[in-house]
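Below, each value reflects all heavy atoms present in this structure, side chains not excepted, and no hydrogens, waters or symmetry copies.
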Amino acid sequence: QVQLVESGGGLVQAGGSLRLSCAASGRTFRGYVMGWFRQAPGKEREFVAAIYWTGGISYYADAVKGRFTISRDNAKSTVYLQMSSLKPEDTALYYCATSTRTIFSTREADFGSWGQGTQVTVSS
């Protein structure tokens with residue numbers, strides 16, 4: 001099991017920016033891919049972005065392309081989500097997760113360890 005702790009959430013105005021962090025810890029394998037998901041009240045959890053620890057290849061949901069940037073610091077076992085041009089519809093609880101699959105996936109079931117989430121609220 002990998003322990004994941006998200007941070008950086010908060011309240012911002014539409015058009016603003018926010019940077020989320022997810023720190024991984026533990027003695028076990030951290031996985032091949034780190035991903036960000038989000039869930040708004042009454043909505044299903046949805047994929048946001050993901051990145052491979054090795055190589056740094058990243059993927060984004062269409063809703064955030066061009067606005068969000070995912071990155072990682074291997075030495076710190078930390079993944080970041082830089083969010084800009086935020087919209088009210090970005091309001092959600094953001095979770096980070098890790099996957100041991102070698103093939104990229106956006107499916108929740110393919111991610112084995114999850115953090116507790118950090119709240120992002122965007123006001124108009």
Side-chain angles (χ1 to χ4, degrees):
Q1 181 184 7
V2 176
Q3 290 76 52
L4 304 175
V5 180
E6 303 97 332
S7 62
L11 174 64
V12 297
Q13 293 289 320
S17 299
L18 206 60
R19 188 195 192 200
L20 306 183
S21 298
C22 176
S25 63
R27 304 295 183 181
T28 189
F29 179 55
R30 66 185 180 183
Y32 293 104
V33 178
M34 287 290 289
W36 284 98
F37 292 77
R38 66 186 183 185
Q39 186 169 29
K43 303 291 185 179
E44 294 185 324
R45 188 173 298 180
E46 64 176 342
F47 169 78
V48 176
I51 188 169
Y52 277 91
W53 283 112
T54 300
I57 297 173
S58 59
Y59 303 86
Y60 299 91
D62 289 340
V64 306
K65 285 182 179 178
R67 299 188 299 118
F68 291 10
T69 300
I70 188 170
S71 62
R72 91 289 191 216
D73 185 327
N74 289 331
K76 296 181 178 180
S77 293
T78 300
V79 64
Y80 306 94
L81 185 66
Q82 178 64 52
M83 306 181 292
S84 61
S85 300
L86 285 164
K87 306 174 181 179
E89 51 262 45
D90 292 319
T91 295
L93 185 63
Y94 284 70
Y95 299 88
C96 65
T98 183
S99 173
T100 58
R101 291 177 59 86
T102 56
I103 302 299
F104 175 76
S105 174
T106 60
R107 298 174 63 251
E108 295 179 33
D110 290 327
F111 289 77
S113 297
W114 295 78
Q116 294 299 306
T118 184
Q119 180 67 39
V120 172
T121 302
V122 184
S123 61
S124 60

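Of the possible polar contacts, one joining the T91 side chain to the V122 backbone as a donor-acceptor pair under 3.5 Å is found. Using a distance-only test at 3.5 Å, with no hydrogens or angles considered, no donor-acceptor pair links the side chain of Y95 to the main chain of G35. With hydrogens and angles ignored, the 3.5 Å screen pairs a side-chain donor or acceptor of N74 with a backbone N or O of W53.
Here the side chains of R38 and V64 are in contact, with some heavy-atom distance below 4.5 Å. You'll find the side chain of F68 reaches within 4.5 Å of the side chain of L86, heavy atoms only. Using a 4.5 Å cut-off on side-chain heavy atoms (C-beta onward), V79 and W36 make contact. Taking the side chain as every heavy atom from C-beta outward, R72 and M34 never approach each other to under 4.5 Å. At least one side-chain heavy atom of M83 sits under 4.5 Å from a side-chain heavy atom of V120. Side-chain contact check for Y60 versus R67: every heavy-atom pair is 4.5 Å or farther apart. By the 4.5 Å heavy-atom criterion applied to side chains, E6 and L20 are not counted as neighbours.
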Under the criterion ring-ring contact (aromatic ring centres under 6.0 Å, His included), I'd like the reasoning laid out for F47 against Y59: C-alpha separation, chi angles, the key distance, then a yes or no.
CA-CA 10 Å; F47 169 78; Y59 303 86; 8.0 Å; no
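Taking all atoms of both residues into account, the shortest heavy-atom contact from A40 to A92 is N-CB, 3.8 Å. Considering every non-hydrogen atom in both G9 and T118, the closest pair reads N-OG1, 3.1 Å. T100 and Y32 make their closest contact through O-CD1, 2.9 Å (heavy atoms, listed as atom of the first residue, atom of the second, distance). Here the closest non-hydrogen pair linking A14 and P88 is CB-CD, 4.2 Å. Scanning both residues, S105 and F111, for their nearest heavy atoms gives O-CE1, 3.3 Å.
A salt bridge links D62 with K65: the closest approach of a Lys/Arg side-chain nitrogen to an acidic carboxylate oxygen falls below 4.0 angstrom.
To the nearest 0.5 Å, the span separating OG on S113 from CG on L4 amounts to 6.0 Å. Atom-to-atom distance recorded for T121:OG1 and L93:CG is 9.5 Å, nearest 0.5 angstrom. How far NZ of K76 is from OG of S25: 15.0 Å, rounded to the nearest 0.5 Å.
Hydrophobic clustering, with ILVMFWY side chains joined whenever heavy atoms are under 4.5 angstrom apart, groups Y94 together with L18. Both V48 and V12 are assigned to one and the same hydrophobic cluster, defined by single-linkage of ILVMFWY side chains at heavy-atom distances under 4.5 Å.
Atom CZ of F104 is surrounded by more than 12 heavy atoms from other residues, nucleotides or ligands within 6.0 Å.
With S58 as reference, I70 is the one residue of T69, I70, V33 to meet the side-chain contact (heavy atoms from CB on, under 4.5 Å) rule.
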